[in-house]
Amino acid sequence: MSMTSRILAICLLVLCFVGCTDADLCPEPLDAHPHRAVVSYSFNWDNVSGSRPDSMYVLAYRVINQWKSSVAVESNGSPARGHYVWHVLDDEPSMTETPTGEGPGEGDVTGDGSGEGDGTGEGSGEGDGTGDGSGEGDGTGDGSGEGDDTGDGSEEGGATRDEPEVGDGSEEEPEVEEPIAEEPEPEVRDTTRFALKSGDYKFVTFNVQEEELDFSRVNEYLRSDTMHLQSLDISYKTYIKGDNALRFTIPDWVDYNAYGSNDRYMQPSTQAVYYDTISVRSLRSNGEYHINFANPRPLTQHIEILFDVRKEVYNVPFTVDSVFAEISGIPYTINLSTGYIDIAQTKKMMFKMGIARDVASGEDPTDTEDNTLLHCSAAIDVPSIVKSASDDLLMGPGIMQVMIFCSAEDPLDTSQRLNKKFQGIINIYNTLKAADLIGYTSDRQHAMRNRESARLVIKTDLRVDGEKILDSPDDEAGLDRWLREDGNPIIVDI
């Protein structure tokens, strides 16, 4: 090989090592890179008929030379406003609120300066000026020096504002130590523009529901170099019955369906979980991009539960004051990528039923003593509901319990009312079977929801006899389970 060929070969090899690409293969530090793109986000909710979440979590995943970032943004607005959650770029002033203006600089300038760097002050320097200086370095003061100026001096070194001038025989004043003040915690700043390293990205979005959802797997995914997007799932937070963190519990509740480790409760009336993804979008250096999630779709099911209460008021008139329910068999883990739900582990939920009586104008949400029929309804958004293994079980998934609070006038003192609680338990195996909420993959290895919404109409009336209120009022927090005429607990096969 000739000398010229060797020289060319060496030059090519050097270029391979030092060259950088849009995939951001150049070495750190990050803030020395020009390889930045800016993105904004929006959501199209036109196809969503129910309530939508207040905010959404957006995860950006670079598929080559893996890198991840995430933000939390409002669900409305175009572009949506929000803040970083994971991986804020070193040169992007997005985590701390600083007083800034608008400058004409060529970079991501957030101050009044005209410098080409990421200046956040009024300087015109080409570096990362954060002060009033015009120096070319990282000036943080008023100096015009070319170095890392932090003061008023014009030297090329690092003279600071607090150092006395030395010269002409003047003595240097002794330094007085001052107590070190604690730095305040950085303030999260909202923005509509988010910086990402350049490259090819997948984008994923889903709800931000801190009270209801457990994001530990999401955090694990963000920190992992080996965890695949297909294994990303979220779980609902669960609580024991008496936990103060539960937003709602049924008063004076006796749970007759306690089944082992599954005997935990999700928050009542949880929101629907929405999800959308953008397959691959190329982000180039210094480019600005808008990512619109055009079709957020629910991963959960909107399930309405309806039944009637038949009142026996002929001997003793009474009112139904409130109705509560608990249902078991709710899967609490959803895979975001596939929509698969884990039906092997299920939890329970307590919620309040709406009540209404028929009137000429439609329905009235209050009961009267002479009314004989009351409609009860509730709607929950959950991954699904798993039915019982058979229609004759008293415990496990697919069991609904009902608590009815009633009152009647005290015949001994008409100014007072006697209170009574009635409790029923129902296996809704056949109702769930007919609703066909859950489907399976062809290999039967995974379960998923079959539909976005369903109505569970329990056709058997629950009957309440006013005489029982007088026979045994709850003056000592007593409790009657719903009974048949033969005294056995009602287990209704719908």
Side-chain angles (χ1 to χ4, degrees), residues 12 15-44 56-73 75 78-95 106-108 118 191-208 215 217-234 274-297 299 335-340:
L12 288 173
L15 287 174
C16 288
F17 277 108
V18 302
C20 60
T21 70
D22 279 337
D24 205 4
L25 296 175
C26 297
E28 305 293 346
L30 296 176
D31 55 9
H33 271 280
H35 293 269
R36 295 291 179 270
V38 174
V39 297
S40 58
Y41 302 102
S42 64
F43 306 87
N44 176 23
M56 298 292 287
Y57 194 98
V58 180
L59 189 153
Y61 167 70
R62 191 170 66 178
V63 296
I64 300 175
N65 192 22
Q66 183 185 110
W67 189 79
K68 305 166 189 174
S69 181
S70 62
V71 300
V73 295
S75 64
S78 182
R81 180 169 294 277
H83 61 271
Y84 285 93
V85 175
W86 175 257
H87 257 166
V88 184
L89 295 181
D90 293 350
D91 58 345
E92 185 66 16
S94 300
M95 285 300 284
E106 298 177 16
D108 291 330
D118 292 338
T191 182
T192 59
R193 302 170 73 249
F194 302 93
L196 294 175
K197 296 181 180 183
S198 57
D200 295 334
Y201 281 83
K202 289 183 178 180
F203 293 89
V204 171
T205 187
F206 48 90
N207 299 39
V208 176
F215 294 103
R217 285 283 288 174
V218 177
N219 296 331
E220 180 184 347
Y221 168 77
L222 290 170
R223 289 166 171 79
S224 172
D225 294 329
T226 59
M227 188 175 171
H228 296 292
L229 188 62
Q230 289 75 14
S231 59
L232 181 61
D233 54 40
I234 56 173
Y274 288 92
Y275 172 84
D276 199 4
T277 182
I278 304 292
S279 56
V280 175
R281 179 71 62 86
S282 293
L283 309 182
R284 300 307 174 202
S285 301
N286 301 318
E288 294 205 15
Y289 302 87
H290 184 73
I291 306 298
N292 178 48
F293 292 99
N295 188 32
R297 57 194 184 278
L299 293 177
N335 184 284
L336 290 173
S337 180
T338 62
Y340 294 157

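The figures that follow rest on heavy atoms only: side chains count, while hydrogens, waters and symmetry mates do not.
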Next on the checklist: Walk me through whether Leu299 and Phe206 qualify under side-chain contact (heavy atoms from CB on, under 4.5 Å).
Outcome noted: CA-CA 10 Å; Leu299 293 177; Phe206 48 90; over 6 Å; no

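Considering every non-hydrogen atom in both Met227 and Lys68, the closest pair reads O-NZ, 4.2 Å. The two atoms that bring Asn335 and Asp233 nearest to each other are CA-CB, 3.6 Å, heavy atoms only. Residues Ser70 and Tyr57 share a closest heavy-atom pair of OG-OH, 3.1 Å. Minimum heavy-atom separation, Val208 to Met56: CG2-C, 3.5 Å. Closest of all the heavy-atom pairs between Ser75 and Phe43 is O-CD1, 3.6 Å.
Distance check, rounded to the nearest 0.5 Å: CG of Leu59 to CG of Leu232 gives 7.0 Å. The NE2 atom of His83 lies 8.5 Å from the CZ atom of Phe194; values are rounded to the nearest 0.5 Å.
Looking at heavy atoms from C-beta onward, Ser69 lies out of side-chain contact with Lys197 at the 4.5 angstrom threshold. Counting only heavy atoms from C-beta outward, the side chains of Trp67 and Leu196 approach each other to under 4.5 Å.
No more than 12 heavy atoms of other residues, nucleotides or ligands sit less than 6.0 Å from atom NZ of Lys202.
Between the side chain of Arg217 and the main chain of Ser231, a donor-acceptor pair closer than 3.5 Å is present. No side-chain donor-acceptor contact under 3.5 Å links Arg284 to the backbone of Ser198.
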Counting only pairs under 3.5 Å, give me each side-chain donor-acceptor contact of residues 274-282, with atom names and distances, residues two or more places apart or in other chains.
unit_1 : atom_1 : unit_2 : atom_2 : d
Tyr275 : OH     : Leu336 : O      : 3.4
Asp276 : OD2    : Ala294 : N      : 3.4
Asp276 : OD2    : Asn295 : N      : 3.0
Thr277 : OG1    : Phe203 : O      : 3.0
Ser282 : OG     : Asp200 : OD1    : 2.6

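The aromatic rings of Phe293 and Tyr41 lie parallel to each other, with less than 30° between the two planes, well short of the 60° mark.
Tyr221 meets the side chain to side chain donor-acceptor pair (under 3.5 Å) test with no other residue; sequence neighbours excluded. Applying the side chain to side chain donor-acceptor pair (under 3.5 Å) test to Asn292 and every residue at least two apart in sequence or in another chain returns Ser42.
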